[in-house]
Amino acid sequence: MNINSIGPNAFLVDFDTSDLVIASFKHLKMGIPHLFEEVILGADTIVIKAAERVAITSSGIAEMLNDVVVIAGSRDQKEIEILTIYDGQDLNDVATLTGLAVREVIDLHRAAPYTVSFLGFAPGFAYLVGLHPSLELPRLNSPRGLVPKGSVAIAEGYSAVYPNPSPGGWRLIGRTELNLWDPSAPEPALLQPGDSVRFVERRIK
Amino acid sequence: MNLVAKSHLGNYLEIVTAPPQLLVEDLGRRGYSWMGVTPSGACDQASFRLANRLAGNPQHIPALEILYGPCQIVFHCSAIIAVTGAIQRLTIADRPCSFNYPHLVRRGETVSLEPPQFGLRSYLAIKGGLYVEPYLGSSSSDTLSGLGPAPLSEGDRVAIQETDLAAEIPFELAATNEISDHFELTGWWGPRSRQLTRRSISKLADKELIASKDASRIGIRLLGAELSPEPKLHVEPEGILRGFIQAPPSGELVLFLADHPTTGGYPVVGALDPRSTDLAAQIRPGDSVSLKLSDS
């Protein structure tokens with residue numbers, strides 16, 4: 001763990017493992033909004049902004065994080081199944097670019113166990129790690145103006161589901177009817193950091 | 001759009017002429033960045049807070065963010081208002097009125113703002129505040145994700161919270177605006193600047209950067225920084241805060257404003273201080289900027 005300050009009230013913390021990012025995030029999140037205005041996790045970092053009129057130092061952050069340990073199998077983490085119809089607009093291109101058959105792309109995507117690494121890009125948009133390496137492809141050269149809600153997509157080492165319609169540059173391989181974003185719920189984002197995710201194929205006749 | 005709830009039919013304003021962008025803003029939805037929700041809220045928070053204070057409100061109450069101009073608003077109730085930010089010619093029922101000062105508007109009168117000579121954004125706060133249904137605890141319009149009220153256009157009506165107009169406003173003399181077409185911004189280098197050479201870092205302060213035409217509430221781009229070596233193409237996504245300075249490989253610097261994405265894949269080389277973050281909301285395309293960053 002390496003804590004860097006960016007000015008007097010923001011910090012960027014680098015971590016060695018994604019598990020430690022998530023465990024540390026869950027610990028720090030309890031400080032919102034009393035100590036922290038924002039705590040944002042990334043792939044291997046956490047960015048922290050202190051709340052107004054709260055003075056906090058790098059060593060204070062270090063003290064809060066030093067005792068954080070990753071408990072294997074600690075289950076405030078949910079297991080979520082995403083029922084998916086694999087008929088995305090980019091499915092054939094993904095098969096061509098990876099040199100796989102469409103069926104192989106689908107089987108590789110649904111067989112893998114995924115973990116929510118972090119959220120970003122749009123409300124409730126979760127970056128899922130665990131994608132089979134042979135499905136790793138760059139984003140589209142030019143993003144689509146409108147990706148439909150529920151689109152199941154891949155890009156680089158991640159898979160994701162678009163919680164709402166938005167522009168987007170990921171490759172669309174399927175769709176789900178699962179609602180990932182409910183602003184009236186106590187936790188608006190269905191997928192939380194550390195949650196386990198599986199894609200389950202729903203075939204249509 | 002009609003943002004007037006039935007219970008508030010008594011007090012409302014109506015947009016007669018909408019500027020290029022007219023939004024309801026407050027101090028944003030805070031603490032949700034980790035789930036992909038940008039804080040949003042007023043771009044120039046110092047001016048926003050001042051407008052509310054001058055109107056006799058707590059600082060976070062929803063008010064109007066006016067981009068450039070012209071803007072005309074008719075009040076269907078009496079109200080006390082204050083306008084701050086980029087200075088425009090302000091009239092109430094054709095009476096010239098000063099910025100940074102509370103004014104009484106009588107029922108049926110029209111408040112008019114001309115485009116400002118310098119700067120981009122002005123704030124019109126109303127005693128009692130605008131009443132807009134909150135989304136995740138805030139009534140602000142988020143132009144990145146479309147959360148909160150839609151941008152206002154001609155004919156839209158917005159409810160005003162009922163309030164006691166006779167109650168005294170404990171206003172103070174407001175500081176004068178320092179907005180021109182040149183901005184001196186200050187802040188700090190961040191951890192991702194370590195790959196840059198000392199020479200590149202020491203030269204930045206002497207450069208005249210120019211704001212590109214690519215400007216919005218999400219952020220503005222500055223041309224001419226010429227950092228070296230060129231920043232890395234890509235980093236793993238990491239958190240973004242308002243005021244962060246990102247260095248994509250194109251060589252521009254991106255200053256993030258209120259509707260910034262919550263994570264980004266380019267290195268963040270520094271951050272503006274709060275004063276400069278507010279000032280950056282007033283930078284127009286073509287304005288010149290000097291950026292003086294110190295070590296954290």
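Order of the sequence lines fixes the chain letters, A, B, ..., with proteins taken first and strands second; residue numbering starts at 1 for each chain. What you see is a predicted model, and the numbers here were worked out from it, not measured in a lab.
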Determine whether A/Phe118 and B/Thr262 make a side-chain contact, defined as any pair of heavy atoms from C-beta on separated by less than 4.5 Å. no

Please give me the minimum heavy-atom distance between B/Trp34 and A/Pro193, naming the atom from each residue. CZ3-CD, 3.7 Å

By a 4.5 Å heavy-atom criterion (distance strictly below it), what part of A/Leu41 contacts chain B: side chain, backbone, both, or neither? both

Only pairs of heavy atoms separated by less than 4.5 Å count here; which of A/Gly7, A/Ala189, A/Gly42 has the most with chain B? A/Gly7

Nearest-0.5 Å distance that lies between atom OG in A/Ser5 and atom CH2 in B/Trp189: 15.0 Å

Portion of A/Phe25 that has a non-hydrogen atom of chain B nearer than 4.5 angstrom: side chain

Residue pair A/Glu38 / B/Tyr32: nearest heavy atoms and the distance that separates them: OE1-N, 3.6 Å

For B/Phe244 and A/Leu12, what are the C-alpha separation, side-chain angles and deciding distance, and is it a side chain to side chain contact (heavy atoms under 4.5 Å, CB included)? CA-CA 12 Å; B/Phe244 269 20; A/Leu12 188 148; 5.6 Å; no

Please state whether the side chain, the backbone, both or neither of A/Phe121 comes within less than 4.5 Å of a heavy atom of chain B. backbone

To the nearest 0.5 Å, what is the distance between CD on B/Glu236 and CG on A/Asp44? 5.5 Å

Are A/Glu187 and B/Met35 close enough that some pair of their side-chain heavy atoms sits under 4.5 Å apart? yes

Residue pair A/Pro183 / B/Leu136: nearest heavy atoms and the distance that separates them: O-CD2, 3.8 Å

With heavy-atom distances below 4.5 Å as the criterion, would you say the side chains of A/Ile40 and B/Thr263 are in contact? yes

If you count heavy atoms of other groups shown closer than 6.0 angstrom to CZ of A/Arg202, is the number above 12? no

Answer yes or no: does atom CD of A/Glu177 have more than 12 heavy-atom neighbours from other residues, nucleotides or ligands under 6.0 Å? no

Closest heavy-atom contact between A/Val47 and B/Gly239? CG2-O, 3.5 Å

Taking all atoms of both residues into account, what is the closest heavy-atom pair of B/Ala271 and A/Ile6, and its distance? CB-CG2, 3.4 Å

Should A/Ile46 and B/Glu238 count as side-chain neighbours, where that means a heavy-atom distance under 4.5 Å? no

Quick one: CZ on A/Phe11 to CG on B/Leu241, what's the gap to the nearest 0.5 Å? 11.5 Å

Is it the backbone or the side chain of A/Ile48 that comes under 4.5 Å from a heavy atom of chain B, or both, or neither? backbone

A/Ile32 versus B/Gly31, closest heavy-atom pair with distance: CG2-CA, 3.9 Å

For B/Leu147, which atoms come within 4.5 Å of any heavy atom of chain A: side chain, backbone, both, or neither? side chain

Measure distances from B/Arg242 to the heavy atoms of chain A and classify the residue's part below 4.5 Å as side chain, backbone, both or neither. neither

B/Arg49/A/Glu52 salt bridge by N-O under 4.0 Å criterion: yes

Report, as yes or no, whether the 6.0 Å neighbourhood of atom CD on A/Glu63 holds more than 12 heavy atoms from other residues, nucleotides or ligands. no

At a 4.5 Å cut-off on heavy atoms, which part of A/Asn9 comes close to chain B: side chain, backbone, both, or neither? neither

Value rounded to 0.5 Å, distance of CZ in A/Phe125 from OG in B/Ser145: 12.0 Å

